[in-house]
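Structure record follows, encoded as structure tokens.
In listed order, ligands and their atoms are each counted from 1.
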Amino acid sequence: MRLRSIGAKLTLWYTGILSLTLLLLGILAYGLLTYSLSHDLDAALQGVAQAIATQAQRNGSNQLPPDLNEIFRRFFGFSPANPYFEMLDPFGRHQPGGLASPPEYPLTLEALMNALKGVATYETLKGADPYPVRVLVLPVVEAGQVTNLVQVGISLENLYHTRRRFVFIMAAVFPLGLLLAGGGGWLLARRALRPVDHMTRLAQRISGDHLTERLQETGTGDELDRLAMTLNEMLGRLDDSFRQVRQFSADASHELQTPLTILKGEIEVALRSRRSPEEYQQVMLSSLEEIERISRLVEGLLLLARADSGVLRLDLQPVDLPQLLAQVSAQMQRKAAGHGVSLSLGALEPVSTCGDREQLPRLFLNLIDNAIKYTPAGGRVTLSLRREGREILIDVADTGIGLSPEEQEQIFTRFYRAAAARSQSGGGAGLGLCIAQSIAAAHSGKIEVQSSPGQGSTFTVVLPVECSALGGG
Ligand code: ADP
């Protein structure tokens, strides 16, 4: 039995507690047995003494009745081997020629004093016998006068024997009971914990490549079934994350491979024959565009990786938000004009927050870039800023193609692009919103979206008013 196993520990605990309980019960039973035997013995002694006293009164004599053995048998249920009896005068002296059983027991002062007051006394006395004797001194009272003292006693040998037998029986039964209970407990614990062994073996088989395996649920709803359910849920979440990581690697490689293939193709074609300086310049410009795309992608991936591992460092400084929005709007005017979209500033409440002066503009640039990209020519993009309680809300609203509710749930997933966006040229890799969201989260903020297809979308950046919420000054 390995002590590291729960079954062994449970059995040990169970056996320990049972031993203690049995021991306490044994002690209690021993005490009750002694009390009950002593009580019965005293009652029988009193019966005998009373019967002797009554007979003496009836006979008007101070002599003991001759049928003493019969009286003892009547009250004890058996004839004691060495019953002790004596009739004394009121001062405790032996009656001349009186019947008495040897050996004599002295009358203690206490018993004599009690007897003079008409009170009976029980005493346990040591005699020549190896066992003590229980003695009762009962005064015989006639017309308010103590006429005689009846002294009866019986050896406590039987009582001692019964108690010793009880201890022997307990000593024999106790280990046997413990052995049976311990063995039964061990079997029960093993039976109860067998599903855990089964789970352990199954869990050992589950690896990163076999996350689809699940533990068997019994459906009983007990602790082990709930454990299996919880582990299965955890496996499900692990499976999802592993899948996402694999998907992410595949998407990232794909996104990197596309511009690299284009780059390689363009350079190879250019090198196949002699070209004019203008043609070389054209190839180099196009290559630069692809390199810029790769570098943007790598930069985005790096930022997301830093945000994921919590090492995205922010240099928090007070930021005048209306001024910042005016700046990013001015920066994007050319692109908006190129798409035939009007980009304007709406209501801007004078609010400031704490933010990173490099990352915060990037967040808004990404959102405005999307709004321009996904708004057909003739549409409008409006930036507005307001404060609601302890929150600052910045809206980037467009009158563009919009998003269905299903698409809205997906747009913050890495590399996700809605169908309409994929069919459109000039789109990104599907990282822009994830980057924006990571920056907002690093500022203790979030991004919410409201959109309906064909009507347009509003992306709302929610930032806290207090700098302290960001750990800033
Ligand atoms: P992308 O580089 O493709 O723009 P994003 O992460 O910025 O990647 O956006 C993810 C997807 O969300 C986009 O491909 C597009 O389908 C959708 N989207 C983002 N912004 C808007 C918007 N303002 N209007 C409509 N669709 C949008």
Answer with yes or no whether Glu407 contacts ligand 1, where contact means a heavy atom under 4.0 Å from a ligand atom.
no
Taking 4.0 Å as the limit for heavy-atom contacts, which would you say applies to Leu433 with ligand 1: side chain only, backbone only, both, or neither?
both
Is the shortest heavy-atom distance from the side chain of Met284 to the side chain of Gln281 under 4.5 Å?
no
Does only the side chain of Tyr416 get under 4.0 Å from ligand 1, or the backbone, or both, or neither? Count heavy atoms.
backbone
Taking only non-hydrogen atoms of Phe412, do any sit less than 4.0 angstrom from ligand 1?
no
Quick one: which ligand 1 atoms are inside 4.0 Å of a heavy atom on Lys373?
1 (P), 2 (O), 4 (O)
Mark up the atoms of ligand 1 that fall under 4.0 Å of a heavy atom belonging to Ala429, in ascending order.
2 (O)
Here the atoms of ligand 1 under 4.0 Å from any heavy atom belonging to Phe459 are 20 (N), 21 (C), 22 (C), 23 (N)
Check this for me, if you would: do Asp239 and Arg243 make a salt bridge, where the nitrogen-to-carboxylate-oxygen distance has to be below 4.0 angstrom?
yes
Side chain, backbone, both or neither: which part of Val396 comes within less than 4.0 Å of ligand 1 when only heavy atoms are counted?
neither
If the threshold is 4.0 Å, N to carboxylate O, is there a salt bridge linking Arg386 and Asp395?
yes
Which word best sums up how the rings of Tyr160 and Tyr131 line up, parallel for under 30°, tilted for 30 to 60°, or perpendicular for over 60°?
perpendicular
With a 6.0 Å cut-off (strictly less than), is the heavy-atom count around CZ of Arg190, excluding the residue itself, greater than 12?
no
Atoms of ligand 1, numbered as shown, that sit under 4.0 Å from any heavy atom of Arg417
3 (O), 14 (O)
Gly430 versus ligand 1: do any nitrogen or oxygen atoms come within less than 3.5 Å of each other?
yes
Lys/Arg-Asp/Glu bridge criterion (N-O < 4.0 Å) met for Arg362, Glu299
yes
Ala418 neighbourhood, listing ligand 1 atoms whose heavy-atom distance to it stays under 4.0 Å:
14 (O), 16 (O)
At a 4.0 Å threshold, what atoms of ligand 1 neighbour a non-hydrogen atom of Ala371?
23 (N)
Between Gln323 and Gln327, is any pair of side-chain heavy atoms under 4.5 Å apart?
yes
Picking from Asp40, Thr34, Leu41, what satisfies side-chain contact (heavy atoms from CB on, under 4.5 Å) with Ser38?
Thr34
For Leu431, take its heavy atoms, then give the atoms of ligand 1 lying under 4.0 Å from any of them.
6 (O), 8 (O)
Go through it in stages, so that I can follow the logic: the residues are Glu217 and Asn232, the test is side chain to side chain contact (heavy atoms under 4.5 Å, CB included), and I'd like the CA-CA distance, side-chain angles, deciding distance and then a yes or no.
CA-CA 9 Å; Glu217 290 172 21; Asn232 280 343; 2.8 Å; yes
For ligand 1, which is the ligand I care about here, please tell me if Ile401 has any N or O atom under 3.5 Å from one of the ligand's N or O atoms.
no
Under 4.0 angstrom from ligand 1, any heavy atom of Gly400?
no
For side chain to side chain contact (heavy atoms under 4.5 Å, CB included), just list the numbers for Leu433 and Leu367, CA-CA rounded to whole Å, side-chain angles, deciding distance to a tenth of an Å, and then say yes or no.
CA-CA 7 Å; Leu433 277 182; Leu367 293 182; 3.6 Å; yes
